[in-house]
**Student:** 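There's a structure below that I have some questions on.
It should be emphasised that the depicted structure is a prediction, and the values quoted were computed from it without experimental measurement.
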Protein chains: 2
Amino acid sequence: MFRIGEFSKVTGLTVKTLRFYHEQGLLLPTYVDEQTGYRYYGENQVETARIITQLRALEFSLEDIKNVLAHQEDDSDLLDYLERQRQMMQEKAQASRRIARALTKIINHEREAHQTMNDANFNVEEKAIEPFWIAGVRMKGRYGDCGKGFAKIGKRFGRRICGKPLLLHYDAEYKETDADFEACMPIQRKNSSDQANSYEDVSVRELPGGRCVTLLHKGPYEELGRSYERILAYVQQRGYEIISPTREVYIKGPGMIFRGNPKNYLTEIQMLVVDQGSRAS
Amino acid sequence: MFRIGEFSKVTGLTVKTLRFYHEQGLLLPTYVDEQTGYRYYGENQVETARIITQLRALEFSLEDIKNVLAHQEDDSDLLDYLERQRQMMQEKAQASRRIARALTKIINHEREAHQTMNDANFNVEEKAIEPFWIAGVRMKGRYGDCGKGFAKIGKRFGRRICGKPLLLHYDAEYKETDADFEACMPIQRKNSSDQANSYEDVSVRELPGGRCVTLLHKGPYEELGRSYERILAYVQQRGYEIISPTREVYIKGPGMIFRGNPKNYLTEIQMLVVDQGSRAS
DNA sequence: GATACGGCCTCCCGTCAGGGGAGAGTCAAT
DNA sequence: ATTGACTCTCCCCTGACGGGAGGCCGTATC
């Protein structure tokens with residue numbers, strides 16, 4: 001017969017836990033002194049304690065453990081419990097992984113935005129852009145509604161999105177209402193049959209690359225106009241011809257968590273260009 | 001101004017939760033009527049509620065959310081929190097996956113034992129056995145001590161174990177004490193440099209396959225002797241020669257969870273054999 | 001003006017698996 | 001007899017709410 005402290009050392013369960021298990025009817029002492037209330041545990045309780053410890057390590061609830069112990073003879077019953085527990089654990093693992101991945105995405109996004117911010121000189125630049133695949137929703141109306149388009153793409157392509165959202169502008173000039181634009185997300189190309197395609201009103205295709213004039217705009221979207229003036233002045237001065245649509249990449253905007261300070265929003269204006277006259281008419 | 005019920009509908013948070021967040025200082029109503037105690041929420045609280053919801057979806061604790069909200073301006077602070085949260089989530093995911101895998105192993109083991117039990121006729125049989133890799137600990141002493149050997153292998157090769165434990169008997173006959181045996185576990189062969197090898201006193205090598213006489217023994221280990229008599233009688237009758245060591249595979253023994261009923265233990269005795277005289281002397 | 005109904009308030013208790021601590025009684029050795 | 005280690009019960013705490021009781025408030029209806 002062990003007293004509770006000795007039994008605690010033997011089983012590795014704390015005294016508190018043993019008392020709790022007693023109260024819960026999970027692990028009853030072999031004998032309880034009626035006068036003193038002292039609990040005494042026998043040798044055979046060690047085995048039961050071991051079982052409980054094992055099942056707890058598998059994160060069984062005490063309720064389940066009690067049931068399992070009660071139907072110790074019935075093998076298939078135990079298997080049922082094991083199956084259910086496995087199911088639960090797999091779901092928990094998946095949920096945690098999903099969250100971890102979401103966090104990773106947010107962190108990387110934030111990091112890249114930071115990086116871009118530090119590297120930026122906020123001058124008009126020229127660079128080459130690689131082609132990449134996008135999912136896009138063409139919309140007509142006000143720019144403010146583009147969120148719906150992004151949401152739609154997010155819902156359908158959640159996993160596959162691999163870059164920052166962008167807007168394609170099909171209008172030649174700024175329009176307050178009745179604008180013609182397309183909300184897009186870069187996506188990973190499925191290696192399977194991924195021809196240019198469309199699901200309902202979401203178009204999936206490759207955006208062409210090429211020579212590109214860019215300008216990083218810092219500040220709220222209302223002030224984009226000024227940056228457009230700058231970039232257009234540059235393009236005109238060089239005598240380039242713009243290939244429609246122009247692109248607006250949202251490097252850092254109202255984040256998923258914080259709306260952020262609009263003064264720190266970063267937007268890259270991209271215009272694919274060719275030398276004037278070099279284009280087949 | 002929303003009353004709490006309206007605000008609840010707008011934000012998707014329950015009334016209970018909103019009151020709780022108020023109490024915790026997480027989301028304060030813009031105005032509280034002193035007479036009636038009614039809470040009134042302003043438009044700008046909707047945004048805060050959204051942030052809280054997002055962070056809760058990422059399983060941030062309310063404590064963390066409070067801190068994040070307090071230092072809303074500080075970007076790097078937020079990044080720290082995100083990193084820590086990601087770390088936590090990854091750990092949780094790993095823990096759950098580990099448990100799920102352990103459960104899968106137990107379930108499969110139990111299933112196979114069941115299957116074996118159903119298929120068994122408990123007669124001596126002959127079959128061909130493929131070679132397979134093992135980790136083994138050679139021991140001298142009493143069979144009862146073999147658990148230590150299995151434990152040692154389990155500790156070192158936990159992940160890689162891919163089958164049921166077995167014992168190799170190097171003695172020609174049964175010995176109570178001073179027996180010479182080896183506790184083994186089948187392991188997955190690493191594709192990397194996995195020559196026959198040994199780590200401390202654990203030997204890693206391939207067990208040969210070949211023609212094999214087997215008998216499934218059902219019951220406690222004390223009764224193994226009778227089964228050995230049966231199988232040896234068979235071997236002698238056929239005039240086979242036994243290749244040492246003989247093997248005892250523990251199909252179903254005292255499980256990780258339940259000790260189980262020894263009457264249902266299953267042990268397969270395996271003896272590699274060749275026709276007499278066919279062996280190079 | 002009275003009433004009914006729905007909304008809102010506070011306060012208390014429950015979850016799950018124990019942990020922390022207070023105050024009092026018990027065991028074994030000195 | 002005393003001491004020190006051990007044990008007992010009882011109560012409160014965790015996190016993020018949910019359930020419910022009992023009572024007040026606002027608005028519409030009779």
**Student:** Quick test of your reading of the model: are Lys164(A) and Glu112(A) salt-bridged, counting only N-O distances below 4.0 Å?
**Tutor:** yes
**Student:** Could you tell me the separation between the CG atom of Leu18(A) and the P atom of dT7(D), rounded to a whole number of Å?
**Tutor:** 10 Å
**Student:** Please report, rounded to the nearest Å, how far the P atom of dT9(D) is from the CD atom of Glu23(A).
**Tutor:** 10 Å
**Student:** Describe the nucleic acid contact of Tyr21(B) in one word from base, sugar-phosphate, nothing, applying a heavy-atom distance below 4.0 Å.
**Tutor:** sugar-phosphate
**Student:** What is the distance, to the nearest angstrom, from the NZ atom on Lys16(A) to the P atom on dC16(C)?
**Tutor:** 20 Å
**Student:** Base, sugar-phosphate or nothing for Arg19(A)? Non-hydrogen atoms, less than 4.0 Å.
**Tutor:** base
**Student:** Should Asp64(A) and Arg84(A) count as an ion pair when the cut-off is N to O under 4.0 Å?
**Tutor:** no
**Student:** Output the rounded distance in Å from CD (Glu6(B)) to P (dC25(D)).
**Tutor:** 19 Å
**Student:** dG7(C), dA17(C), dC17(D): which one has an atom nearest the side-chain heavy atoms of Phe20(B)?
**Tutor:** dC17(D)
**Student:** Are OP1 or OP2 of dC17(D) and a side-chain N or O of Arg56(B) less than 4.0 angstrom apart?
**Tutor:** yes
**Student:** Starting at CG of Leu26(A) and ending at P of dG18(C), how long is that distance when rounded to a whole Å?
**Tutor:** 9 Å
**Student:** Whole-Å distance between dC8(C) P and Arg39(B) CZ?
**Tutor:** 11 Å
**Student:** Does Thr36(B) put a side-chain nitrogen or oxygen below 4.0 Å from OP1 or OP2 of dC8(C)?
**Tutor:** no
**Student:** Please report the distance, rounded to the nearest Å, between OH in Tyr38(A) and P in dT26(C).
**Tutor:** 8 Å
**Student:** If you pin Thr14(A) and Asp33(A) to their nearest nucleotides in DNA chain C, which one's is more 5'?
**Tutor:** Thr14(A)
**Student:** List the steps, then state whether salt bridge (Lys or Arg N to Asp or Glu O under 4.0 Å) holds for Glu47(B) with Arg50(B).
**Tutor:** CA-CA 5 Å; Glu47(B) 170 63 9; Arg50(B) 194 192 54 79; 2.8 Å; yes
**Student:** One thing to verify: whether Lys9(B) and Glu6(B) come together as a salt bridge, which I'm taking to mean a side-chain N less than 4.0 angstrom from a carboxylate O.
**Tutor:** no
**Student:** For a ring-ring contact (aromatic ring centres under 6.0 Å, His included) with Tyr143(A), tell me which candidate from Tyr221(A), Tyr250(A), Phe150(A), Phe181(A) qualifies.
**Tutor:** Phe181(A)
**Student:** Where the side chain of Thr17(B) is defined as all heavy atoms beyond and including C-beta, which of dG18(D), dC8(D), dA16(D) is the nearest nucleotide?
**Tutor:** dG18(D)
**Student:** In whole angstrom, what separates Gln35(A)'s CD from dT9(D)'s P?
**Tutor:** 14 Å
